[in-house]
Each structure stands twice: as C-alpha cells, then as structure tokens.
Amino acid sequence: MHFPIYLDYMATTPVDPRVKEVMDQYLTMDGIFGNPSSSSHQYGWQAKEAVEKARAQVADLINAEPAEILWTSCATEASNLAIKGACCCYQRKGKHIITLATEHKSVLNTCKAMRQHGFEVTILTPEQDGILDLKKLEDALRDDTILVSIMAVNNEIGVIQDIEAIGKLLKPKGIIFHVDAVQAAGKIDIDVRKLPVDFMSFSAHKVYGPKGVGCLFINHHPRIHCETQMHGGGHEFGLRSGTLPVHQIAAMGEAFAIAKAEMVEKNQRITKMRDYLWGELSKIPGIQLNGHPEKRVPHNLNMSFANIRSDNLVKALENLAISTSSACVSAGREPSYVLKALGLPDNLAFSSIRLSIGNYTTQEHIEYAANYIKQAIESLRD
Ligand code: PLP
C-alpha cells in the first residue's frame with residue numbers, strides 16, 4: 001500500500017489515464033495543436049472539432065444542449081461569470097441576492113463582492129444537518145430579489161440540497177437560480193431539462209479531469225442573459241474571451257463521458273466502502289457524523305470527535321491524506337466556516353475530519369483507514 005492513503009477526492013481527483021490519453025493528443029506537432037479560432041486551415045478546424053465534441057460530451061452528462069455549455073478556466077470563474085454577469089444584466093429589476101452560508105468561497109465571496117456595487121446580500125444559515133429549509137428561503141425572498149445561488153452537493157459535508165424544490169419556488173417569481181454543481185457532477189443524476197435552474201458551474205478536476213478547466217451551463221429555455229466579464233476577441237459567444245485550451249477541454253469532455261458511462265457502478269462500489277467505513281467508525285465513542293445522514297453523496301464522511309486535542313489529530317492521522325479542520329489551526333486560521341454554520345462549537349469543528357472516497361479507493365484502503373483512525377483516537381484519549 002502506498003502511504004499516505006489518498007482519501008481527499010473532494011479536494012481534487014487524479015486524472016483518469018484514459019482522459020490523459022485523450023489530452024495528450026492535443027498538444028504536440030504530431031497531434032491536434034491548432035487554435036480552434038483559426039478558421040482558414042485544417043489545424044484550426046480539427047481543434048474546433050475537438051472543442052465541439054467535448055462540449056457535446058459535457059452537455060450529455062446533464063442533458064443540456066451543447067450550445068448551453070460555455071468553457072471557463074475553472075468553476076470559480078464560471079460562478080463569477082454567472083453571478084456578476086446576471087447581477088449586471090438584471091439589476092434594473094432589483095439589487096437583492098441570496099445565498100447559503102455553507103457555499104464554496106467561490107460563490108460566497110462573489111456574492112459578497114456584489115455589495116460594493118450596491119447589492120444587498122442575504123446569507124441564509126442551513127439547518128444543523130446542512131440542509132436548507134425552504135421556508136427560510138421563501139421568507140427571505142423579496143420583490144427586488146433577482147438571483148439565488150445554492151449548491152447541489154456540499155464539498156465539506158457531502159449533503160445534497162433539493163435543487164428541484166428550490167428552483168420550483170424561484171421560477172414563478174422570475175428569480176434567477178445559479179447552482180454550484182461542482183461536487184454533484186459524476187456523483188448524482190443531473191437533468192437540466194427537469195431541474196428549474198438557470199446557471200450551473202462545473203469543474204473538470206473533481207471528475208477525474210485536469211485542473212484549470214471548467215464550464216458554465218447557461219439555460220437557453222428560456223434564454224438567460226449574462227454580461228461578459230472577460231472581454232477580448234469574442235470567443236465563447238462573446239461571453240468569455242481567451243484562446244481555448246483544447247487539450248484541457250477535450251480532457252474534460254472525456255472525463256464527463258466516462259462519468260456518465262460509469263457513475264452507477266462506481267457509486268455502488270463507493271457506497272459499499274462508505275457503509276463499511278462508517279459501520280466501523282461509528283463505534284468510536286464521542287464520534288458524530290456531520291451533515292444529513294441520508295441526504296448525502298456516498299463519497300464523503302465528515303466526522304467530529306469529542307474530547308480530542310485538535311492539534312494532535314493531524315499528526316496522529318499522518319498515514320491518511322485527508323482534510324482536517326485542525327490543519328487550519330496550525331496555520332492560525334478559523335475553524336471550518338461550513339461546520340460553524342451547522343452550529344458546531346469551535347472545539348468540535350476543530351476536531352473534525354473529512355474523508356472523501358473515490359475511484360481508486362480500495363476495500364483494503366478502507367479497512368486500513370478504519371482501524372488506523374480507531375486506534376489513533378483511542379491513543380489520543382489515553
Ligand atoms: N465549488 C465547489 C463545491 C468546490 O468543491 C470547488 C473546488 O474546490 C469549487 C467550487 C472551485 O472549483 P475550481 O477549482 O474549478 O475553481
């Protein structure tokens with residue numbers, strides 16, 4: 001076994017070798033290296049073909065039309081474009097937007113940044129299990145609310161929000177709905193023809209694709225408008241200029257195609273491993289699972305341990321590559337704002353770990369991790 005065992009798939013995933021193989025075809029002289037905007041020769045045409053194939057592959061995973069997919073450098077950029085672009089376009093209707101305290105910083109800080117432009121931002125708190133109470137959202141809606149941004153799957157605690165119900169609440173009021181679907185892609189079914197959403201952000205590197213490429217779904221039924229944030233040569237329907245990174249895009253397309261083909265089988269495997277792991281770890285006295293016990297993806301277990309000195313926790317678990325709030329302590333930072341938003345006291349928020357399971361996790365890894373964590377917690381309590 002290779003140590004530390006990687007159990008941090010929600011931070012990033014390794015590139016699937018099949019994806020790398022595709023990516024390699026779009027870089028060198030003997031491959032397809034052209035600029036997809038070069039419309040006068042075959043180097044450009046072939047590159048454009050690759051970009052459009054990938055657009056269709058990504059669209060296919062979420063049942064969108066290829067023209068509804070806009071390439072960006074990452075999901076952070078996609079969410080910036082959706083939120084800032086929509087606020088810019090629709091501000092005459094109102095200047096109030098709503099988001100959730102447990103959103104990724106790419107959404108939270110983008111919403112907060114709109115305050116400098118005269119927007120009012122309501123940040124809702126989820127229930128203790130991480131799920132947004134729809135009544136709370138309904139009560140927060142105002143005549144001047146123009147946009148709501150709520151994520152599909154949380155990156156720290158793995159909970160799944162009811163995107164369909166939220167969208168149904170917003171649609172009749174004409175409020176734009178942006179969804180950060182970064183951690184949902186390849187983990188849960190997404191059908192944009194059934195979900196009442198206007199924008200969705202995605203990233204390749206959470207779905208076994210490379211870092212540095214993402215996309216924004218922009219609904220065309222009805223067509224949602226968005227003000228350009230990156231001006232230049234008019235790429236991507238004039239909404240996001242910059243020469244397209246064909247190798248990254250082709251890789252993202254392949255990664256999403258694989259995700260579509262293999263999601264059911266992989267989820268079954270991952271669920272089995274998660275159930276085994278939680279079955280073992282739940283025996284530890286004073287352990288608590290953070291986030292709703294059922295409304296969650298199987299890829300994530302976020303747990304807190306009572307009466308553990310957080311500074312010792314990271315050291316005691318050094319054979320596992322996991323995400324810990326205690327790492328933040330050593331960096332002199334605050335405890336996880338997501339766990340704090342669930343109402344966890346500082347001591348519990350600091351003594352928390354996030355394990356995330358992925359395609360290359362084996363039962364052997366999980367059995368090792370279960371015993372290792374049990375022993376580590378026991379020794380920390382001696
Ligand atoms: N949203 C969520 C839920 C994430 O987990 C991440 C990644 O950390 C992002 C957004 C940002 O994605 P990217 O790294 O592509 O900007």
Side-chain angles (χ1 to χ4, degrees), residues 6-15 19 54 58 61-62 69-84 99-113 123 126 130-132 148-161 163 166 177-188 190 197 199-217 229-230 240 242 245 248-249 251-253 255-256 259 290-291 295-297 299-302 321-325 327-328 336-339 341-342 354-358:
Y6 192 73
L7 290 171
D8 207 10
Y9 285 82
M10 280 190 139
T12 195
T13 58
V15 171
V19 170
V58 168
L61 180 69
I62 60 169
I69 303 297
L70 183 136
W71 301 116
T72 59
S73 63
C74 56
T76 299
E77 190 197 330
S79 295
N80 268 262
L81 174 58
I83 295 166
K84 292 176 181 167
T99 189
L100 189 61
T102 48
E103 291 293 309
H104 189 266
K105 291 274 166 111
S106 54
V107 164
L108 216 43
N109 286 343
T110 305
C111 288
K112 286 182 188 168
I123 301 175
I131 302 294
L132 170 63
V148 171
S149 182
I150 307 286
M151 73 202 320
V153 172
N154 184 274
N155 49 302
E156 281 200 37
I157 53 175
V159 297
I160 307 170
Q161 302 293 347
I163 295 304
I166 297 169
F177 188 21
H178 167 254
V179 176
D180 173 345
V182 168
Q183 298 286 356
K187 296 190 181 91
I188 60 172
I190 302 172
V197 299
F199 295 109
M200 270 191 159
S201 305
F202 296 96
S203 183
H205 77 99
K206 312 286 184 177
V207 192
Y208 305 89
K211 293 160 191 64
V213 60
C215 72
L216 180 66
F217 159 76
Q229 300 299 308
M230 183 90 82
R240 197 276 183 185
Q248 311 266 73
I249 287 171
M252 183 165 177
F256 274 50
N290 297 315
K295 294 178 186 171
R296 59 188 304 123
V297 290
H299 309 67
N300 170 295
L301 282 175
N302 188 312
I322 55 177
S323 167
T324 59
S325 291
C328 301
S336 152
Y337 68 92
V338 171
L339 297 180
L342 307 191
R354 176 189 72 179
L355 272 78
S356 40
I357 307 171

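Every value quoted in this text rests on a predicted model; they were computed, and no experiment measured them. Counting starts at 1 for both ligands and their atoms, in listed order. Just the heavy atoms: all of them, side chains too, but no hydrogens, waters or symmetry mates, feed the values below.
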Novice: Between the main-chain N or O of His104 and the side-chain N or O of Glu156, is there a donor-acceptor pair closer than 3.5 Å?
Specialist: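 No, Glu156 side chain to His104 backbone: no donor-acceptor pair under 3.5 Å.
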
Novice: Does a donor on one side chain and an acceptor on the other come within less than 3.5 Å for Asn80 and Thr110?
Specialist: yes

Novice: Angle between ring planes, Tyr9 versus Tyr208, binned at 30° and 60°: parallel, tilted or perpendicular?
Specialist: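 Tyr9 and Tyr208: tilted rings.
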
Novice: Check for me whether Ser106 has a heavy atom closer than 4.0 Å to any atom of ligand 1.
Specialist: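 Yes; Ser106 lies near enough to ligand 1 that a heavy-atom distance drops under 4.0 Å.
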
Novice: Could you find the nearest protein heavy atom to atom 16 (O) of ligand 1 and give me its residue, atom name and distance?
Specialist: Thr76 OG1, 2.5 Å

Novice: Quick one: which ligand 1 atoms are inside 4.0 Å of a heavy atom on Ser203?
Specialist: 13 (P), 15 (O)

Novice: Considering only heavy atoms, does Val182 approach ligand 1 within less than 4.0 Å through its side chain, its backbone, both, or neither?
Specialist: side chain

Novice: Using a 4.0 Å cutoff against the non-hydrogen atoms of Asp180, which atoms of ligand 1 qualify?
Specialist: 1 (N), 2 (C), 3 (C), 10 (C)

Novice: Can you pull out the closest protein heavy atom to atom 5 (O) of ligand 1? Residue, atom name and distance to 0.1 Å, please.
Specialist: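 Result: Gln183 NE2, 2.8 Å.
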
Novice: Under 4.0 Å from any heavy atom of Met151, which atoms of ligand 1 are there?
Specialist: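 Every atom of ligand 1 under 4.0 Å from some heavy atom of Met151: 3 (C).
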
Novice: Closer than 4.0 Å to some heavy atom of His205 - which atoms of ligand 1 meet that?
Specialist: 13 (P), 14 (O), 15 (O)

Novice: Any idea which part of Lys211 is under 4.0 Å from ligand 1, heavy-atom wise: side chain, backbone, both or neither?
Specialist: neither

Novice: Can you check whether Val153 reaches His299 side chain to side chain, under 4.5 Å on heavy atoms?
Specialist: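 A side-chain contact under 4.5 Å is absent here.
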
Novice: Minimum distance, heavy atoms only, to atom 11 (C) of ligand 1: which one of Met10, His104, Glu77 is it?
Specialist: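 The residue whose heavy atom sits nearest atom 11 (C) of ligand 1 is His104.
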
Novice: Thr12 side chain to His205 main-chain N or O, any donor-acceptor pair under 3.5 Å?
Specialist: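 Between the backbone of His205 and the side chain of Thr12 there is a qualifying donor-acceptor contact (under 3.5 Å).
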
Novice: Consider ligand 1: state whether an atom of it lies below 4.0 angstrom from any non-hydrogen atom of Lys206.
Specialist: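 Under 4.0 Å: yes for Lys206.
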
Novice: With a cut-off of 4.0 Å, which atoms of ligand 1 are near a heavy atom of Cys74?
Specialist: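 The list of qualifying atoms is 13 (P), 15 (O), 16 (O).
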
Novice: Look only at the side chain of Arg354 and the backbone of Asn300, and say whether a donor-acceptor pair between them is shorter than 3.5 Å.
Specialist: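 Between the backbone of Asn300 and the side chain of Arg354 there is no qualifying donor-acceptor contact (under 3.5 Å).
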
